[in-house]
Student: 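Handing you this structure, nothing more for now.
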Amino acid sequence: MNEPEVDSVADLPLSKTKKKQMAKEIEALAIRLVELPLAQFKKLKLDEDIASEVKEARDTLGRGSHKRQVKHLAGALRVRDDRLPMIFAALEDIDQVKRMDKRQFHRLEDLRDRLCDQERFQSAFDEMVSLWPALDHAGIARLAQSVHNFGDKRASREIFKRLRDYSEQTSDK
């Protein structure tokens, strides 16, 4: 009995377990594509056949038929496995942007909280002035004083809104 020679591990056939793992990963990818917000989905550069399969799965309402449609999408993705690395990379980029947005949101919340705290106000105010010299500092100071003196929650929300809006304006330029 002569066994065929194998040059490398890459030439070995995939085990049944490995095939199942890969199929589950692709099905998770299909679910993720279907559940992706429409604005983010439109930014992805997918082949027309894959994009139409995702749209079909999104539009399918019944629970069983939706699951079936997602499985069909996963099958289409397995057939086009040459495109998978590109899709994974695009989704990773989206995740990176979401993480950056979340980090920025938390920084603004922290700055707002420090501005609303009477003891930490001055250092936070100085930081804000150095970050955004053109921001309406007097208006922010008035709102912070309202929070300090009266516990005004509306003023606290307004501070955050102004910080976020100005931060978005300056980052778009």
Side-chain angles (χ1 to χ4, degrees), residues 10 13-116 124 127-128 130-137 139-140 143 153-173:
L14 291 176
S15 68
K16 189 174 180 181
T17 303
K18 186 64 176 173
K19 287 179 184 177
K20 283 183 181 180
Q21 286 174 345
M22 289 172 61
K24 284 187 186 267
E25 287 175 11
I26 292 174
E27 188 171 341
L29 173 65
I31 291 169
R32 180 130 185 252
L33 288 172
V34 171
E35 292 176 350
L36 202 61
L38 190 58
Q40 291 176 346
F41 175 72
K42 287 181 178 181
K43 291 179 184 176
L44 291 176
K45 301 211 180 349
L46 297 175
D47 294 341
E48 195 170 314
D49 57 335
I50 298 294
S52 66
E53 291 290 340
V54 173
K55 184 177 178 341
E56 183 75 29
R58 284 174 168 281
D59 295 342
T60 305
L61 299 177
R63 182 162 164 51
S65 55
H66 178 75
K67 270 180 90 170
R68 199 168 37 255
Q69 199 62 40
V70 169
K71 294 239 185 226
H72 183 72
L73 170 61
L77 288 170
R78 275 193 296 278
V79 169
R80 298 295 310 267
D81 64 347
D82 59 320
R83 304 295 290 164
L84 290 179
M86 186 271 314
I87 295 171
F88 278 117
L91 290 174
E92 182 61 33
D93 289 346
I94 288 172
D95 289 344
Q96 182 70 23
V97 169
K98 284 169 63 174
R99 283 191 294 272
M100 288 172 50
D101 288 347
K102 189 181 247 184
R103 226 177 290 138
Q104 178 66 14
F105 184 84
H106 288 304
R107 283 188 195 122
L108 292 174
E109 274 186 329
D110 179 58
L111 182 59
R112 185 257 339 255
D113 291 344
R114 289 184 293 135
L115 286 167
C116 292
E127 179 184 335
M128 179 189 65
S130 68
L131 283 174
W132 302 302
L135 180 65
D136 176 21
H137 302 119
I140 299 282
L143 289 167
K153 298 287 184 192
R154 182 199 56 78
S156 177
R157 288 190 298 271
E158 182 64 24
I159 289 171
F160 180 79
K161 181 181 175 298
R162 288 184 185 190
L163 292 173
R164 183 193 63 216
D165 291 348
Y166 193 77
S167 171
E168 288 173 357
Q169 286 175 2
T170 57
S171 67
D172 288 343
K173 292 180 181 177

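Worth knowing before you read on, the calculation uses all heavy atoms, side chains too, and leaves out hydrogens, waters and symmetry mates. Computed from a predicted model, the values in this text were never measured in an experiment.
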Student: Does this structure show an ion pair linking D49 with R83, if we count only N-O contacts that are shorter than 4.0 Å?
Tutor: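 Looking at D49 and R83, the cut-off is not met.
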Student: Name all residues meeting the ring-ring contact (aromatic ring centres under 6.0 Å, His included) criterion together with F88; count only those two or more places apart in sequence or in a different chain, and write none if there are none.
Tutor: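 ring-ring contact (aromatic ring centres under 6.0 Å, His included) check on F88 returns nothing, list empty.
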Student: Given the rule in the side chain to side chain contact (heavy atoms under 4.5 Å, CB included) test, do R80 and D82 qualify, once you have shown the distances and angles that lead to the verdict?
Tutor: CA-CA 5 Å; R80 298 295 310 267; D82 59 320; 3.8 Å; yes
Student: How would you list all residue pairs meeting salt bridge (charged side-chain N to carboxylate O under 4.0 Å, His left out) that involve residues 54-65, not counting sequence neighbours?
Tutor: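 The answer is K55-D59.
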Student: Which atom names give the shortest non-hydrogen contact between V34 and H66, and what distance separates them?
Tutor: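 That would be CG1-CE1, 3.6 Å.
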Student: Which residues pass the side chain to side chain donor-acceptor pair (under 3.5 Å) test with E158, not counting sequence neighbours?
Tutor: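 Side chain to side chain donor-acceptor pair (under 3.5 Å) check on E158 returns R162.
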Student: Is it true that R99 and E92 have a side-chain N and a carboxylate O under 4.0 angstrom from each other?
Tutor: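 Salt bridge present between R99 and E92.
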Student: According to the side chain to side chain donor-acceptor pair (under 3.5 Å) rule, which pairs have a member within residues 13-23, sequence neighbours left out?
Tutor: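 Those involving residues 13-23 do not exist here.
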Student: Using a strict 4.0 Å threshold on nitrogen-to-oxygen distance, state whether D93 and K43 make a salt bridge.
Tutor: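 Looking at D93 and K43, the cut-off is not met.
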Student: So how far is it from T170 OG1 to L135 CG, rounded to the nearest 0.5 Å?
Tutor: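 Reported value, rounded in 0.5 Å steps: 9.5 Å.
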Student: Please report the shortest heavy-atom distance between V70 and A30, naming the atom on each side.
Tutor: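 It is O-CB, 3.9 Å.
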Student: Quick check: do D136 and I140 have side-chain heavy atoms less than 4.5 Å from each other?
Tutor: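 A side-chain contact under 4.5 Å is absent here.
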Student: Could you tell me if the side chain of I26 sits less than 4.5 Å from the side chain of D81, heavy atoms only?
Tutor: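 Of all side-chain heavy-atom pairs linking I26 with D81, none is under 4.5 Å.
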Student: Which pairs would a plain distance check flag for residues 107-114, meaning a side-chain donor or acceptor within less than 3.5 Å of a matching protein atom at least two apart in sequence or in another chain?
Tutor:
unit_1: E109; atom_1: OE1; unit_2: H106; atom_2: ND1; d: 3.3
unit_1: D110; atom_1: OD2; unit_2: R114; atom_2: NE; d: 3.1
unit_1: R114; atom_1: NH1; unit_2: E127; atom_2: OE1; d: 2.9
unit_1: R114; atom_1: NH2; unit_2: E127; atom_2: OE1; d: 2.9
unit_1: R114; atom_1: NH2; unit_2: E127; atom_2: OE2; d: 3.3

Student: How long is the span from the CG atom in D95 to the CZ atom in R32, to the nearest 0.5 Å?
Tutor: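 Spacing of CG (D95) from CZ (R32) equals 4.0 Å.
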Student: About how many Å separate CG of L131 and CG of L163, when rounded to the nearest 0.5 Å?
Tutor: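 That separation rounds to 9.5 Å.
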Student: Counting distance only, does the side-chain N/O of H137 pair as donor-acceptor with the main-chain N or O of W132 below 3.5 Å?
Tutor: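 The answer is yes, because a donor-acceptor pair under 3.5 Å joins these two groups.
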Student: So for atom CE, which belongs to M22, do other residues, nucleotides or ligands contribute more than 12 heavy atoms lying within a distance under 6.0 Å?
Tutor: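 Result for CE/M22: open.
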Student: Taking ring-ring contact (aromatic ring centres under 6.0 Å, His included) as the test, write out the residues that go with F41, two or more places apart.
Tutor: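 Counting only residues at least two positions away or on another chain, F41 forms no ring-ring contact (aromatic ring centres under 6.0 Å, His included).
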Student: Would you compute the distance between atom CG of L29 and atom CG of L33 and round it to the nearest 0.5 angstrom?
Tutor: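 CG of L33 is found 4.5 Å from CG of L29.
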Student: Measure the spacing between CG of L44 and CD1 of I87 and express it to the nearest 0.5 Å.
Tutor: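 Taking CG in L44 and CD1 in I87, the distance rounds to 8.0 Å.
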Student: Measure the spacing between CZ of F105 and OG of S167 and express it to the nearest 0.5 Å.
Tutor: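 F105 atom CZ to S167 atom OG measures 11.5 Å (nearest 0.5 Å).
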